[in-house]
J.: 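What follows is a single structure, and I will ask about it in a moment.
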Amino acid sequence: MDELEKKANKGLASFSKQGDIGEIKTSLDSMIDDMLEDDDSNSDEKPKSTSLKKGLYLLIAIIMLGVLGYMGYSDGKAKKALPPAALYAQYFEVLPDAISSNERGEEVDSKSKSNAELGMEAYNNGDYANATFLLSKENKVDYLVFAGIAALKSNKVKSGIDLFSKAKKADGADQYQDIVQWYMSLSYLKSGDVDKAKISLKEIAESTHYKKAEAVAILKSLK
Amino acid sequence: MNVSNAISPTFKSTKTRIRNLDLTSDERIIAEYQQTKNRRILAPLFKKYNEKLFGLAFYYLSERESAMDTVMEAYEVVLLNIDQKEITYFKGWLFSICRNICLKKLRDGKKFSELTEVADTFMESEEEKVYNDETIEKVLELIPKLKDNQRKCVEAFYLKTMSYEEISAAYEMTFKEVKSHIQNGKRNLKILFEKSTRST
């Protein structure tokens, strides 16, 4: 066994004292699929496409419900627990850009654009790695939130959590408090950290948060 | 001519191709990818190593989320270079990429740089004080030799970059205790470093 493999085994042994490697593996598997699927399709996924995707998922869900109802399976049996990575995939949505100027027709030279503007442009074009890089340089809460979401989209969980933590402390954080808490919970799900996800989701479920229903549903699925 | 070779890869579905591959041979998967440019072919290969790779990243960084990010960054590096490089031993290459990313993160981290000051005594010139990977590796090997509370606090402060308050809350220690464990840990680490340098 070579030196690096020994270190890998040491790292795994050390991690096993504080977490479940199975959850990590499931999360990483899912991120790998995500990464290779994005590259395979060779298309830039844009936030705008979420509504189309949502419609498709809704249609599939309706058909599934109909089939299950017909087969007599909707008898109120307890839902099967889902892994955190699957729940993340089910509930994560890219937040539509509500901060960029919508004025069109005015061609602005990209050299005269600020990092924030270029970052939001990258975000809207589905170039999430670049969006994270550009927006994370900003100190304004709104850009930090979008940077965090872009980080999650590019499978950078740690960066996402750090950016949401920074957003919490930024000026005007109150405005985005609920959004940050929701995405922070999703970050913990993505990283397979069920304990932290539960704490954060419980706070949402016990409040008047706009994602209260979703938080309750996830908590039920996590058991 | 082999019949299977005569069938153009374009006419085979990805699933069939993945099934037909000998998954024990990493290099064959890579060869198949280099031929078809279908990145999905790489999924079983990446998934095969993600647990071990996470372990390696966790060994260096001691933090779950950072380790996960590093694993994904390593795969991104693989994807960027896999077309240009002749890969003879994928596993070794992948693990080296992962280690290099971890070492870069540690070198760039301000707090960890403070910790590598334990090696200062042994470096005479200022140039030498630019810590190399060997120093980082040595410091990491020595941290587990500290007393439990010192180790926990040193790891949390220098590797996980947690604040005194966060460490105090996480390990149910007073602010003073945390400070003391970090100071003593750093001092003991310096002694351990000195001993290990003399013995080599």
Side-chain angles (χ1 to χ4, degrees), chain A residues 1-42 85 129 132 151-165 184 187-188 190-196, chain B residues 14 33 37-76 78-80 89 91-100 102 105 137 140-141 143-144 151-152 155 160-161 166 170:
Chain A
M1 198 189 292
D2 71 11
E3 200 56 40
L4 291 181
E5 189 149 15
K6 276 183 198 164
K7 285 178 180 169
N9 289 339
K10 273 188 191 172
L12 284 173
S14 160
F15 178 74
S16 67
K17 290 173 198 159
Q18 52 174 282
D20 178 6
I21 188 64
E23 298 286 11
I24 298 286
K25 186 159 171 45
T26 314
S27 295
L28 287 171
D29 279 356
S30 157
M31 286 189 222
I32 287 167
D33 284 334
D34 194 31
M35 176 173 75
L36 296 176
E37 196 177 317
D38 278 355
D39 289 331
D40 192 51
S41 63
N42 214 14
T132 311
L152 290 184
K153 266 305 278 181
S154 37
N155 293 317
K156 303 285 187 300
V157 194
K158 164 75 176 159
S159 306
I161 291 174
D162 287 349
L163 286 161
F164 292 132
S165 304
M184 194 70 125
S187 307
Y188 293 135
K190 191 175 174 78
S191 72
D193 195 338
V194 180
D195 293 341
K196 281 188 184 166
Chain B
T14 308
Y33 162 73
K37 304 289 177 219
N38 183 346
R39 290 186 168 187
R40 283 184 195 218
I41 281 176
L42 299 169
L45 183 61
F46 286 6
K47 288 178 185 179
K48 178 177 160 187
Y49 290 116
N50 69 17
E51 192 176 322
K52 278 275 168 85
L53 218 52
F54 173 81
L56 183 63
F58 193 82
Y59 167 84
Y60 284 102
L61 305 171
S62 300
E63 197 186 32
R64 175 196 197 109
E65 287 83 12
S66 295
M68 287 178 86
D69 282 8
T70 304
V71 172
M72 295 311 293
E73 282 165 42
Y75 288 133
E76 279 169 16
V78 167
L79 286 174
L80 281 173
Y89 179 44
K91 188 182 164 188
W93 180 49
L94 179 65
F95 277 44
S96 301
I97 291 171
C98 184
R99 181 198 49 194
N100 292 342
C102 291
K105 284 187 178 182
E137 294 270 14
L140 285 172
E141 275 168 28
I143 292 174
R151 178 190 55 77
K152 274 185 193 170
E155 276 180 355
K160 298 181 188 175
T161 60
E166 286 169 326

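Model, not experiment: these values are computed from the prediction. Sequence lines set the chain letters: A, B, ... in the order given, protein chains first and strands last, and positions in each chain run from 1.
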J.: Under 4.5 Å, counting heavy-atom pairs only, tell me which of A:L28, A:V157, A:I21, A:N155 racks up the most with chain B.
T.: A:L28
J.: State, yes or no, whether a side-chain contact exists between B:F46 and A:M35 at a heavy-atom distance under 4.5 Å.
T.: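 When only atoms from C-beta onward are counted, A:M35 and B:F46 do touch, with a gap below 4.5 Å.
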J.: Give a yes or no on whether the backbone of A:G192 and the side-chain of B:R64 come within a donor-acceptor separation of less than 3.5 Å.
T.: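 Indeed, once roles are kept as given, a pair shorter than 3.5 Å links the two residues.
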J.: Are side-chain heavy atoms of A:E5 and B:K91 found at a separation under 4.5 Å?
T.: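 The answer is yes; the side chains approach within 4.5 Å.
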J.: Are any side-chain N or O atoms of B:R99 and backbone N or O atoms of A:L4, one a donor and one an acceptor, separated by less than 3.5 Å?
T.: no
J.: So what's closer than 4.5 Å to chain A heavy atoms on B:S96: side chain, backbone, both or neither?
T.: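 B:S96 touches chain A through backbone and side-chain heavy atoms alike.
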J.: Considering only heavy atoms from C-beta outward, does the side chain of B:R40 approach that of A:D33 to under 4.5 Å?
T.: no
J.: Give a yes or no answer on whether the side chain of A:K25 reaches the backbone of B:K47 with a donor-acceptor pair at less than 3.5 Å.
T.: yes
J.: Excluding sequence neighbours, so at least two apart, what forms side-chain hydrogen bond (donor to acceptor under 3.5 Å, both in side chains) with B:K152?
T.: none
J.: Among A:S191, A:G160, A:S159, which residue forms the greatest number of heavy-atom pairs with chain B at distances under 4.5 Å?
T.: A:S191
J.: What part of A:D193 gets within 4.5 angstrom of chain B, counting heavy atoms only: side chain, backbone, both, or neither?
T.: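 Both parts, backbone and side chain.
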J.: Are A:L36 and B:L79 side-chain neighbours, meaning at least one heavy-atom pair lies under 4.5 Å?
T.: yes
J.: Could you check B:E73, B:E65, B:M68 and say which one makes a side-chain contact (heavy atoms from CB on, under 4.5 Å) with A:K156?
T.: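 One option only clears the test, and that one is B:E73.
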J.: How long is the span from the CG atom in A:D162 to the OG1 atom in B:T161, to the nearest 0.5 Å?
T.: 7.0 Å
J.: Under a 4.5 Å heavy-atom cutoff, which of B:Y60, B:Y75, B:F54 has the most pairs with chain A?
T.: B:F54
J.: Which atoms form the tightest heavy-atom contact between A:G11 and B:F58, and what is the distance?
T.: O-CD2, 3.4 Å
J.: Determine, step by step, whether B:E137 and A:K7 satisfy the salt bridge (charged side-chain N to carboxylate O under 4.0 Å, His left out) criterion, reporting the C-alpha distance in whole Å, the side-chain angles of both residues, the deciding distance to 0.1 Å, and the verdict.
T.: CA-CA 11 Å; B:E137 294 270 14; A:K7 285 178 180 169; 2.7 Å; yes
J.: When heavy-atom pairs shorter than 4.5 Å are enumerated against chain A, which of B:P144, B:C98, B:S66 gives the highest number?
T.: B:S66
J.: Which residues satisfy the salt bridge (Lys or Arg N to Asp or Glu O under 4.0 Å) test with B:K160, sequence neighbours excluded?
T.: none
J.: Can you tell me how far CG of B:L45 sits from CD1 of A:I32, rounded to the nearest 0.5 angstrom?
T.: 9.5 Å
